[in-house]
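One structure is given here, and the rest of the page talks about it.
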Amino acid sequence: MRDERVRQALDRIAGLDGALHAFTQVFVADATGSGPLDGMTVAVKDNIDVGGQVTTLGRPASERAPAARDAEAVARLR
């Protein structure tokens, strides 16, 4: 059930984001987990650090280095 909800959310993002441009990055590999929010859809604003990912701040990702660690809000979500 959880994997199905995750797949549905990712499919919906893939189907609509070309027109909406709501996401600058989608981390498909991070879409599953085993914590209390497993199966829930969570979006993080592009000005909040996600460890190992580029914090884009609305700019092309190639202009910045990946964040060294998660911001506190992301760490708590994980």
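Here, residue 1 is the first one in the sequence, and each next residue gets the next number. Keep in mind that what you see is a predicted model, and the values were worked out from it rather than measured.
The closest side-chain heavy-atom distance from Val50 to Asp70 is below 4.5 Å. Using a 4.5 Å heavy-atom cutoff, the side chains of Gln53 and Asp30 are in contact.
The CG atom of Leu10 sits 13.0 Å away from atom CZ of Arg5, with the distance rounded to the nearest 0.5 Å. The OG1 atom of Thr24 sits 8.0 Å away from the NZ atom of Lys45 when rounded to the nearest 0.5 Å. Interatomic distance, CD1 of Ile13 versus CD of Gln8, reported as 12.0 Å (0.5 Å rounding).
In terms of modelled atom types and a separation under 3.5 Å, the side chain of Gln25 and the main chain of Val54 share a donor-acceptor contact. Between the side chain of Arg64 and the backbone N or O of Thr55, at least one donor-acceptor pair lies under 3.5 Å. Side-chain N or O atoms of Asp46 include one that pairs as donor or acceptor with a backbone N or O of Gly58 at under 3.5 Å.
In the hydrophobic cluster analysis, where Ile, Leu, Val, Met, Phe, Trp and Tyr join through side-chain heavy atoms closer than 4.5 angstrom, Val26 is grouped apart from Val44. With hydrophobic clusters built from ILVMFWY side chains whose heavy atoms lie under 4.5 angstrom apart, Val42 does not share a cluster with Phe23.
The two atoms that bring Gly39 and Val6 nearest to each other are CA-CG2, 3.8 Å, heavy atoms only.
Classification of Arg7 and Asp3 as a salt-bridged pair fails, no side-chain N sitting under 4.0 Å from a carboxylate O.
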